[in-house]
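Throughout, a chain's letter reflects where its sequence line sits, starting with A, and its residues are numbered from 1. Everything numeric here is computed off the predicted structure, so don't read it as measured data.
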There are 2 protein chains.
Amino acid sequence: MKNLPGLENVQTFLALAQDLNFRRTAERLHLDQSALSRRIQKLEQGLGFRLLDRTTREVSLTQAGQRFYQDNAEVMRSYDEAIRAARSVAEGKSGLLRVAYMAFAATELMPSAMLRFRQAHPHIEVRLEYIRTQGQKIALANGDVDIGYMIGPFDHPDFHALQLSSEPLYVVTPRSHPLLLRPKIVPADLAGQPVILGNMREWEEYRWRLNDLFSAEGIALDVALEASNTLALNGLVAAGLGITIYPESLIGFLGRNVEVRQVMHPSFRSRTVLVWKRSNRSPQVQAFVQVAKQIGLQAS
Amino acid sequence: MKNLPGLENVQTFLALAQDLNFRRTAERLHLDQSALSRRIQKLEQGLGFRLLDRTTREVSLTQAGQRFYQDNAEVMRSYDEAIRAARSVAEGKSGLLRVAYMAFAATELMPSAMLRFRQAHPHIEVRLEYIRTQGQKIALANGDVDIGYMIGPFDHPDFHALQLSSEPLYVVTPRSHPLLLRPKIVPADLAGQPVILGNMREWEEYRWRLNDLFSAEGIALDVALEASNTLALNGLVAAGLGITIYPESLIGFLGRNVEVRQVMHPSFRSRTVLVWKRSNRSPQVQAFVQVAKQIGLQAS
DNA sequence: CGGCACTGATGCACAACATGCATCAATAAA
DNA sequence: TTTATTGATGCATGTTGTGCATCAGTGCCG
């Protein structure tokens, strides 16, 4: 970048150009008259042309000085505006926040947090993106998103992870199914039942979580079928081909041709965590965490 | 005007923001790394918010820093442009020049100077104004015009006056007139001749000059009539009511019903001078003087 | 796991620089 | 002429920015 001469003294010149009197201006700037005189000299020397014609009795702007004054008054206004804008970003009063979310957060957690957040910080632009848990980890690491709702638990030294909710899991069955007769369903009741799940590509992290839960109870998961979308899954269950396991947040989206019962077990729950990079200390993220935390706590 | 913090160091920040590496940037700026580090610290402190996130391994812009960078890159471009514009005015490559002229310069001197000037300095805006000699003195003193063609001589410590031409005077007579029979007309021949002149309001300085010339020769000027416009003057002379005295530059505009003869006398001439304020050192004026001088010299 | 290279931050001494004071020359007003 | 006010300037001083040396933190490589 080319060196721009005299930048430091432009403000001084502008002040002087306003009342065209060294002593008065110097006083206004809490400066000695001589210092002001030298600043202007230095500015002119740096620029290579005169800005002011001075006699001992009166000071006037040269034509170049007039032009320089008008243009730079505008430049300084722009600079002031730039500071204002940057500060507003720094204080989190504006700026951009990129939020990723996965299916379980899409129905309640994320939307209600979003609502509150927009009310509290209307000047922050929010960009929402649906990304599954694994993808979020990459996106966060790359800096493509600022914060993500993912399936927990998540633990990594580079990231903050805040658990927002822990929702019960439900077994989804056809309308008449032997399990429905039981007063209370526990994990052990599901042993040997044919289970229909979304395929790995779609359900990924959730399936790993289910596997963990069942194997922790010593129960083998009998995956009878895989479905590639929710409608098909619902249909297959309704047709009696097996059961499936759904988190609470999604059961409202099942059809009327299936029944749901909560799986009563303290660890049979799906945890949703809010994750962001430790190195990302942007105030937008801080502000969003504040809001999401409150929403999460009342939901869990 | 509000104080704008950190202006001095914005350029430094912009340079740093470009490659996000203190050592490399410092080297590029011929600075020690520590000095750069402190400049940025000072800038941030002045602004009150961080512009860069620094770990020992990598430097990145905060969101506020990004915004600050983008905005101020533009601001610095504007400043650069402001310098360029002011310099171009200072060097006389652009700007405004206000030129006043009186009738004798309107036919040849001013137009041909104007032509040359426009070719040499096409970026300088010229504003032309017809003002008679006396009015020009006031306009120049007020700064309403930069330079004027007036009837000379003119001498005043506050002004530069450059004589551009010295044109012979002509006596204007009806087509048949006793004077025309003489092989050569001298001022003494005009003694006792009834003379028709423009009125004081229109001819002002020129009439004073004629009075001077005649009285210097000991000849009384017999003003028989006054005319308020050139056509009337021409008509009155043609009708035989008297003669009049015209400068060379205007005789081409007389009708065919009059005759002209040069008045042969070294001091019977009309001088046109170019006048401008000594305090006005604007390059536009200098440039115009250069051109007008050349035109004037070849014309005189 | 242990050097190694490279990062930005910091303590310190020094030099450069801007500042304030006193004063000057020029000029307008009284 | 006197007086007051203008901007410029010489000089001593205090502030400030700079460079050098060094530190602590971190990724890389064997």
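For the pair B:Glu44 (side chain) and B:Leu52 (backbone), a donor-acceptor distance under 3.5 Å is present. Distance alone, capped at 3.5 Å, places no donor-acceptor pair between the A:Thr272 side chain and the A:Ala105 backbone. For the pair A:Thr133 (side chain) and A:Ile151 (backbone), a donor-acceptor distance under 3.5 Å is present.
Within residues 39-46 of chain B, the residues having any heavy atom under 4.0 Å from DNA chain D are, by residue number, B:Arg39, B:Lys42.
In this structure, the NE2 atom of A:His30 is 11 Å from the P atom of C:dG20, given to the nearest Å. Distance CD (A:Glu8) to C1' (C:dT19): 16 Å, rounded to an integer number of Å. The distance from atom CD of B:Glu58 to atom C1' of C:dA5 is 17 Å, rounded to the nearest whole Å. Look at CG on B:Asn21: it is 9 Å from C1' on C:dC6, rounded to the nearest Å. Atom CZ in A:Arg38 sits about 11 Å away from atom P in C:dG20, given to the nearest Å. For the pair A:Glu27 CD and C:dT19 C1', the interatomic distance rounds to 17 Å; values are reported in whole Å. Separating the CG atom of A:Leu29 from the P atom of C:dT19 is a distance of 10 Å, rounded to the nearest angstrom.
Identified under the salt bridge (charged side-chain N to carboxylate O under 4.0 Å, His left out) test for residues 144-164 of chain B, with sequence neighbours left out: B:Arg98-B:Asp146.
Ranked by how close their nearest DNA chain D nucleotide is to the 5' end, B:Ala35 and B:Arg23 are led by B:Ala35. A residue-by-residue look at A:Gln33 and B:Thr56 shows that B:Thr56 has its nearest nucleotide of DNA chain C further toward the 5' end. Heavy-atom nearest nucleotides on DNA chain C were determined for A:Thr55 and for B:Val59, and the one closer to the 5' end corresponds to B:Val59.
Separating the CG atom in A:Leu274 from the CE atom in A:Met110 is a distance of 12.0 Å, to the nearest 0.5 Å.
Donor-acceptor pairing under 3.5 Å, judged by distance alone, is present between the side chain of A:Ser34 and the base of C:dC21.
Counting any heavy atom pair closer than 4.0 Å across all strands shown, B:Leu31 reaches sugar-phosphate atoms only and no base atom. Counting any heavy atom pair closer than 4.0 Å across all strands shown, A:Arg54 reaches sugar-phosphate atoms only and no base atom.
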(message) side chain to side chain donor-acceptor pair (under 3.5 Å), that's the test. Do A:Thr25 and A:Asp19 meet it? Break it down for me.
(response) CA-CA 7 Å; A:Thr25 306; A:Asp19 57 8; 2.5 Å; yes
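Within a 6.0 Å radius of CD in B:Gln286, more than 12 heavy atoms belonging to other residues, nucleotides or ligands are found. Open room surrounds NE2 on A:His123; 12 or fewer heavy atoms of other groups in view lie less than 6.0 Å from it.
Counting 5' to 3', DNA chain D first comes under 4.0 angstrom of a heavy atom of chain A and last does so at the ends given by D:dT5 to D:dC11.
Centroid-to-centroid, the aromatic rings of A:Phe104 and A:Tyr206 come within less than 6.0 Å.
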